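Okay, so here's the structure we're looking at.
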Amino acid sequence: MTSPNLFKAFQGVVKSIVEELAAQSLLPSGLDLTRVVVEPPRDASHGDLATNAAMVLGKPAGKPPRVVAELIAERLSARSDLGVVDVRIDGPGFINIRLEPAAWHASLADVLRAGERFGDSDSGGGRRVNVEYVSANPTGPLHVGHGRGTVVGDVLASLLAKAGWSVTKEYYINDAGAQVDVLGRAVYLRYCQAAGREIGEWPEGVYPGEYLIPVGQALLAERGEVFLDQPEAVWLPEVRLFAVDKMMDLIRADLAAMGVRHDVFSSERRLVEDGAVERVLADLESRDLIYTGTLEKPKGREVEDWEPRPQTLFRATQFGDDVDRPLKKSDGSGTYFANDIAYHWDKHRRGFDHQIDIWGADHGGYVKRMRAAVTAATGGAATLEVRLCQLVNLLDGGVPVKMSKRAGRFVTLRDVVDEVGAGVVRFVMLTRKNDAPLDFDLQAVVEQSKDNPVFYVQYAYARASSVLRHAAEARPEWDLSEAGLAAVPLASLTDEAELGLIKSLAGWPRIIEAAADAHEPHRIAFGLSDLAAGFHGVWNRGRDDAALRFIVEGDDATTQARLALVRAVKLVIGSGLTLLGVEPLEEMR
RNA sequence: GGCCCCGUAGCUCAGCCGGAUAGAGCACUCGCCUUCUAAGCGAGUGGUCGCAGGUUCGAAUCCUGCCGGGGUCGCCA
């Protein structure tokens with residue numbers, strides 16, 4: 001289901017004009033129109049819409065851009081039915097189009113009629129895409145760094161859904177590696193403590209996390225003392241399972257507090273037990289993509305006790321990686337990489353040929369091999385895109401918050417959510433593009449000032465709500481719903497700032513589309529800030545000049561038209577915030 | 001040493017997968033303000049887009065090589 005998109009509509013018009021010209025032999029036929037776009041000009045003084053058609057088509061058409069521009073411009077000028085009032089050719093061959101105010105009024109009504117659907121598109125065409133994010137090890141609560149990937153993945157998923165993709169949100173549970181053994185041992189110690197045993201000094205390399213105390217107690221309550229004084233081989237398998245279960249409960253609760261809900265949780269252990277890893281490796285082997293070889297020692301970096309040894313290797317270099325990668329540990333079990341190949345292959349088997357993973361930047365060195373493996377394992381049918389999230393620096397009033405795992409002092413994501421709210425966390429995580437480091441200042445993010453983008457956007461929404469509340473009180477007989485205001489005459493919206501705001505609203509679908517195409521959810525947050533700035537600007541004009549206020553005593557027509565604009569602003573900002581998973585605030589308190 | 005990311009105004013960052021005199025916020029300077037929602041408003045100063053080549057009608061954007069910062073580098077995940 002698509003919604004109105006003025007720029008797309010004009011793009012279609014320009015293309016059909018080119019085809020028309022071709023049909024009349026004024027231009028060659030069969031020109032490639034994929035690069036023809038209609039967009040807002042960089043400078044509003046150039047016009048309302050601009051197209052690069054003449055510059056893109058000049059060369060293939062064998063004519064100077066300005067000649068092509070003349071041909072197109074002439075026909076565009078004739079389209080008064082679309083509200084075109086002026087067309088001119090500028091610069092190297094841009095065609096700038098100006099629309100009459102009535103066209104913008106119509107576009108405002110379109111926004112209101114589209115409602116929540118405004119900005120939807122069908123560019124995904126219903127194709128399936130899998131977004132895997134968070135996937136933190138099930139060994140403890142989520143920390144702030146996880147929070148960033150969580151938000152980026154979650155909003156990307158929403159964005160793709162809005163752009164017409166069929167999205168599955170997935171979490172990969174790393175419950176098969178050595179760290180869950182470590183977790184199991186830690187929980188066992190807590191269990192012994194719960195049973196009143198003295199355990200002496202806490203062993204090296206075992207999580208001392210206090211959050212494991214209740215897990216040990218729960219284990220005791222559930223299973224009694226059966227594991228006491230038993231060798232590890234007896235208790236570890238069960239304790240490990242128990243512990244992972246509890247940790248996932250913890251993580252799910254953290255995610256719920258952020259408003260995140262995955263569709264699928266996939267277990268690494270399950271994949272291994274089901275033989276998926278063996279099957280994938282066998283398949284790769286049958287295609288001669290696995291061999292036994294010895295890797296060279298990495299240069300320029302000291303590796304302790306390095307010694308050449310033969311390993312089972314995947315021919316990653318055949319698929320663009322820099323070296324071949326090991327698939328088996330010395331004990332014969334699969335490496336994390338081997339299991340991960342099976343996992344991504346499994347996603348492909350489940351019907352996902354578009355896969356997106358959100359990882360921390362520290363896994364950057366892993367991207368090439370994983371993409372190589374996906375290509376190899378699926379015979380090129382599936383593609384993997386990895387988006388890396390840089391570090392989050394947690395600050396408190398400009399001072400870095402010291403986190404030390406050893407001292408047991410680290411701030412969890414939940415701590416932050418409880419302190420500033422999920423909405424604030426979600427928005428702030430998108431105030432930087434994903435591959436740039438992000439400062440998260442606990443004080444700054446709750447500051448009520450223009451410097452704080454979360455506040456600034458919420459305030460715009462609250463102001464719009466407030467104006468509508470006032471209007472509803474003053475004129476209870478008016479229909480101030482989106483549908484109601486869509487039907488109101490808008491001719492009195494003639495102020496330039498008002499028209500500018502309408503133009504910004506009309507451009508909203510472009511922002512969503514660009515963000516979805518580029519897989520960059522932060523663009524929504526930036527777009528919202530711009531919209532909010534536009535609205536605050538219009539609002540502020542009413543300070544100096546009472547005639548420019550939204551509610552004008554004694555002028556119902558103007559008031560209603562302006563309320564339509566306010567309603568549309570509220571609609572778009574509200575839907576943008578919702579897209580980010582941030583609840584819009586009706587009033588600031 | 002290899003690979004990945006980053007380098008845009010004094011600071012923090014945008015820049016729509018090549019376009020028209022490169023944008024915003026903060027800071028600074030100068031005015032205004034006490035308001036339908038208060039936690040201000042308007043204007044101005046300010047940039048060799050790290051450096052050097054290349055691709056073309058056109059490059060902050062694409063390619064190559066340097067410089068600087070961060071991450072990462074066999075049986076951890």
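Being a predicted model, the structure only gives us computed values, none of them experimental. Chain letters run A, B, ... following the sequence lines, proteins first, then strands; residues in each count from 1.
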Determine the contact category for A:Ala518: base if any of its heavy atoms lies under 4.0 Å from a base atom, sugar-phosphate if only primed atoms, P, OP1 or OP2 are that close, otherwise nothing. nothing
In this structure, which one of A:Pro310, A:Pro308, A:Pro326 forms a side-chain contact (heavy atoms from CB on, under 4.5 Å) with A:Leu295? A:Pro326
Counting any heavy atom closer than 4.0 Å, what does A:Ala462 reach on the DNA or RNA strands: base, sugar-phosphate only, or nothing? base
Identify whether the distance between the nearest side-chain nitrogen and carboxylate oxygen of A:Lys63 and A:Glu70 falls below 4.0 Å. no
If every non-hydrogen atom of A:Pro28 is compared with every non-hydrogen atom of A:Ala61, which pair is closest and at what distance? CG-CA, 3.6 Å
Which of these nucleotides, B:A77, B:C75, B:C3, is closest to any side-chain atom of A:Gln311? B:C75
Separation of atom CZ in A:Phe314 from atom P in B:C75, rounded to whole Å: 16 Å
Salt-bridge present (A:Arg369, A:Asp322; N to O < 4.0 Å): no
Contact string for nucleotides 9-15 of chain B, one letter per nucleotide 5' to 3', B = base within protein heavy-atom range under 4.0 Å, S = sugar-phosphate only, - = neither, reads ---SSSS
Separation of the C1' atoms in B:U29 and B:C13, to the nearest angstrom: 23 Å
If each of A:Pro41 and A:Pro308 is mapped to the nucleotide of RNA chain B with the nearest heavy atom, which maps nearer the 5' terminus, i.e. the 5' end? A:Pro41
For B:C66, give its Watson-Crick or G-U wobble partner with both distances under 3.5 Å, or none. B:G50
Take the protein atom CG of A:Leu391 and the nucleotide atom C1' of B:G70, then report the distance between them rounded to whole Å. 9 Å
If a protein heavy atom is under 4.0 Å from the base, mark B; if only from the sugar-phosphate, S; if neither, -; do that for nucleotides 25-36 of chain B going 5' to 3'. -S--------BB
Expressed as a whole number of Å, how far does the C1' atom of B:G71 sit from that of B:C62? 25 Å
Taking atom P in both B:A20 and B:U61, compute the distance separating them and give it to the nearest angstrom. 13 Å
Among the candidates B:U56, B:A20, B:A38, find the nucleotide nearest to the side-chain atoms of A:Lys59. B:U56
Heavy-atom check, side chain of A:Trp306 versus side chain of A:Pro298, under 4.5 Å: yes
Out of the candidates A:Trp359, A:Tyr133, A:Tyr343, only one should pair with A:Tyr172 under the ring-ring contact (aromatic ring centres under 6.0 Å, His included) rule; please name it. A:Tyr343
Paired to B:U37 by Watson-Crick or G-U wobble criteria (both distances under 3.5 Å) is none
Closest to side chain of A:Arg469, choosing from B:A20, B:U37, B:A77: B:U37
Who is the Watson-Crick or G-U wobble partner of B:A20, with both distances under 3.5 Å? none
Checking contacts here: which listed nucleotide (B:C3, B:U37, B:A77) is nearest the side-chain heavy atoms of A:Asp322? B:C3
Return the pairing partner of B:G44 with a 3.5 Å limit on both distances, Watson-Crick or G-U wobble; otherwise return none. B:C28
Quote, to the nearest angstrom, the P distance that separates B:A22 from B:C63. 24 Å
Please indicate whether A:Arg88 has more than 12 foreign heavy atoms, meaning atoms of other residues, nucleotides or ligands, lying under 6.0 Å from its CZ. no
Counting only side-chain heavy atoms from C-beta out, which of B:A38, B:G19, B:C75 sits nearest to A:Arg463? B:A38
Please classify the nucleic acid contact of A:Arg66 as base, sugar-phosphate, or nothing, using heavy-atom distances under 4.0 Å. nothing
Between A:Arg98 and A:His46, is any side-chain donor less than 3.5 angstrom from a side-chain acceptor? no
Mind checking the P distance from B:A60 to B:U35? Whole angstroms is fine. 49 Å
Give A:Glu473 one of three labels, base, sugar-phosphate or nothing, depending on what nucleic acid heavy atoms sit under 4.0 Å from its own. nothing
Rounded to whole Å, the CG-C1' distance (A:Leu295 to B:G2) equals 13 Å
For atom P, what is the distance between B:C28 and B:G70, given to the nearest Å? 30 Å
Just checking A:Ala533: base, sugar-phosphate only, or nothing, at a heavy-atom cut-off of under 4.0 Å? nothing
Assign A:Glu586 to base, sugar-phosphate, or nothing according to its heavy-atom contacts below 4.0 angstrom with the strands shown. base
Over all strands shown, is A:Glu296 touching base, sugar-phosphate only, or nothing at heavy-atom distances under 4.0 angstrom? nothing
So which nucleotide does B:C3 pair with, by the Watson-Crick or G-U wobble rule with both distances under 3.5 Å? B:G71
With RNA chain B as reference, determine whether A:Gly91 or A:Phe337 sits nearer its 5' end, using the nearest nucleotide of each. A:Gly91
To the nearest angstrom, how far is A:Lys63 atom NZ from B:C57 atom P? 18 Å
Quickly work out the A:Asn452 CG to B:A38 P distance and round it to whole Å. 18 Å
Residues A:Arg541 and A:Asp545 bridged, charged N to O under 4.0 Å: no
For A:Tyr366 and A:Phe337, take the angle between the two ring planes, folded into 0 to 90°, and tell me which bin it lands in: parallel under 30, tilted 30 to 60, perpendicular over 60. perpendicular
Would you mind classifying the nucleic acid contact of A:Asp441 as base, sugar-phosphate or nothing, using non-hydrogen atoms under 4.0 angstrom? nothing
Can you tell me which nucleotide in B:U37, B:A77, B:G74 comes closest to the side chain of A:Pro298? B:G74
Looking at A:Arg387 and A:Asp357, is any side-chain nitrogen of the basic one under 4.0 Å from a carboxylate oxygen of the acidic one? no
Closest to the A:Leu388 side chain, choosing from B:C4, B:C76, B:A39: B:C4
Is the shortest side-chain N/O distance from A:Tyr459 to OP1 or OP2 of B:A39 below 4.0 Å? yes
Base paired to B:U55 (Watson-Crick or G-U; both N/O distances under 3.5 angstrom): none
Scan A:Asp43 against the nucleic acid and name what it touches under 4.0 Å (heavy atoms): base, sugar-phosphate only, or nothing. base
Given the ring of A:Phe550, does A:Arg562 sit roughly above its face, with NZ or CZ under 6.0 Å from the centre of the six-membered ring and within 45° of the axis? no
Length of the CD-C1' vector between A:Glu132 and B:A77, whole Å: 12 Å
C1'-based separation of B:U72 from B:A52 [nearest Å]: 28 Å
Using a 4.0 Å heavy-atom cut-off, does A:Asp362 contact any base of the nucleic acid, only the sugar-phosphate backbone, or nothing at all? sugar-phosphate
Is NZ or CZ of A:Arg315 both nearer than 6.0 Å to the six-membered ring centre of A:Tyr291 and within 45° of the ring axis? yes
Taking B:A43 as the reference, what is the distance to B:A24 when you measure between their P atoms (whole Å, please)? 10 Å
Would A:Glu268 and A:Arg270 pass as an ion pair if we require N to O under 4.0 Å? no
Closest listed nucleotide, where the reference is the side chain of A:Lys368 and the choices are B:C3, B:A77, B:G74: B:C3
Whole Å only: how far is the CZ atom of A:Arg369 from the C1' atom of B:U72? 10 Å
Watson-Crick or G-U wobble partner of B:A14, both distances under 3.5 Å: none
What's the CD1-P distance between A:Ile524 and B:C16, to the nearest Å? 15 Å
